[in-house]
J.: 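First the structure, which I've put down as structure tokens, then a few questions once you've had a look.
Below, read A as the first sequence line, B as the second, and so on, with proteins coming before strands; counting in each chain starts at 1.
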Amino acid sequence: MHCIRSSILQHLRLRVPVRPVFLLERENVYISKMNFTTGHDGGQDQVLSKVIGLVKNEETADFKKDLLLHSLDRVEIVMAIEEEFSVEIPNEKAGNLTCCTDIASFHSL
Amino acid sequence: MVDKSQVLSLCRSLLRAGRKYPDYNIREYTKRRTLDGFRMNKNLTDPSKVEEAYAEGKSQLEVVERVVKVYLAYPPKTKNIMELKLQ
């Protein structure tokens, strides 16, 4: 469970798919998987879909009980989603968000 | 006595205020720093320490809001490369 939490947060922060890069070919030494952070917009979409993919069919996975995300993580997630979809989620309502479907209901898409 | 919802709304206000910076570097820094700061003090239980940390956060919020106005007066002329979409 703890690794789910850390991987969700890691995706939120790194924001980019990992691309393998081969640097040193001398003596069969390869350095692979350098992480590049790129700009905002393109990466976020993939991040969001990855987050959702991580949670998979558990759209109703409770942030606190199932995914062990505490309220600070929730704030971070809500902020990332606000930025991604350019919506403003008011403070009172943000306290009530407990799973992915709640967040999705804010979108006018 | 500062309660949890106040702390969370302070965090949110700091993150929101930091988003207004035109400069990519400072924007990312404020986001990183607020989350790190809040995470570091996450486990404080002593009420006086909590008050102290909350007051520090509030003063930083004032700083951010003041400095944003200065930066908005002189926006950068070119987009930072980190903000460009991957082709």
Side-chain angles (χ1 to χ4, degrees), chain A residues 2 5-6 8-21 34-50 63-64 68-98 102-103 106, chain B residues 1-45 49-50 53-54 56-58 60-61 64-65 68 75-87:
Chain A
H2 208 65
R5 172 180 179 267
S6 51
I8 288 178
L9 290 176
Q10 187 185 36
H11 278 293
L12 269 180
R13 285 166 206 157
L14 274 184
R15 315 173 154 183
V16 70
V18 169
R19 286 177 299 194
V21 172
M34 281 190 72
N35 293 332
F36 298 96
T37 48
T38 60
H40 250 236
D41 307 302
Q44 279 276 25
D45 255 331
Q46 292 159 328
V47 168
L48 236 344
S49 54
K50 284 203 176 185
F63 283 150
K64 190 171 174 190
L68 293 178
L69 297 169
H70 49 66
S71 43
L72 209 50
D73 296 329
R74 198 176 57 222
V75 168
E76 193 179 344
I77 290 177
V78 168
M79 280 290 142
I81 289 170
E82 271 193 25
E83 260 184 83
E84 170 64 11
F85 295 104
S86 310
V87 286
E88 285 280 321
I89 301 177
N91 283 352
E92 320 82 42
K93 293 192 186 165
N96 297 333
L97 299 172
T98 47
D102 287 347
I103 299 179
F106 271 98
Chain B
M1 181 55 206
V2 177
D3 67 339
K4 183 168 165 177
S5 59
Q6 281 180 293
V7 170
L8 291 179
S9 78
L10 176 64
C11 184
R12 211 171 286 122
S13 323
L14 271 165
L15 290 172
R16 272 197 226 275
R19 279 200 290 205
K20 296 185 198 148
Y21 281 106
D23 185 339
Y24 169 86
N25 292 315
I26 300 178
R27 211 162 52 224
E28 292 298 304
Y29 169 74
T30 46
K31 199 162 35 169
R32 221 167 37 229
R33 180 70 183 89
T34 56
L35 290 172
D36 282 351
F38 276 87
R39 212 167 282 124
M40 243 182 1
N41 294 330
K42 190 176 65 169
N43 299 316
L44 285 181
T45 45
K49 291 255 163 73
V50 172
Y54 185 78
E56 191 183 328
K58 266 215 123 84
Q60 290 298 311
L61 177 60
V64 171
E65 289 180 346
V68 154
K77 289 174 195 151
T78 50
K79 252 190 165 181
N80 192 305
I81 191 166
M82 299 293 273
E83 294 178 315
L84 300 177
K85 288 195 183 175
L86 260 185
Q87 299 288 329

J.: With sequence neighbours left out, write down each residue that passes side chain to side chain donor-acceptor pair (under 3.5 Å) with B/R33, or none if nothing qualifies.
T.: none
J.: Can A/E82 and B/R12 be said to form a salt bridge (charged side-chain N to carboxylate O under 4.0 Å, His left out), step by step?
T.: CA-CA 11 Å; A/E82 271 193 25; B/R12 211 171 286 122; over 6 Å; no
J.: Roughly how far apart are A/R74 CZ and B/C11 SG, rounded to 0.5 Å?
T.: 11.5 Å
J.: What part of B/R19 is in contact with chain A, defined as an atom under 4.5 angstrom from a non-hydrogen atom: side chain, backbone, both or neither?
T.: side chain
J.: Is it true that, when you exclude B/Q6 itself, more than 12 heavy atoms of the residues, nucleotides or ligands shown sit nearer than 6.0 Å to its CD?
T.: yes
J.: Heavy-atom pairs under 4.5 Å with chain A: which of B/T34, B/V7, B/L35 has the most?
T.: B/L35
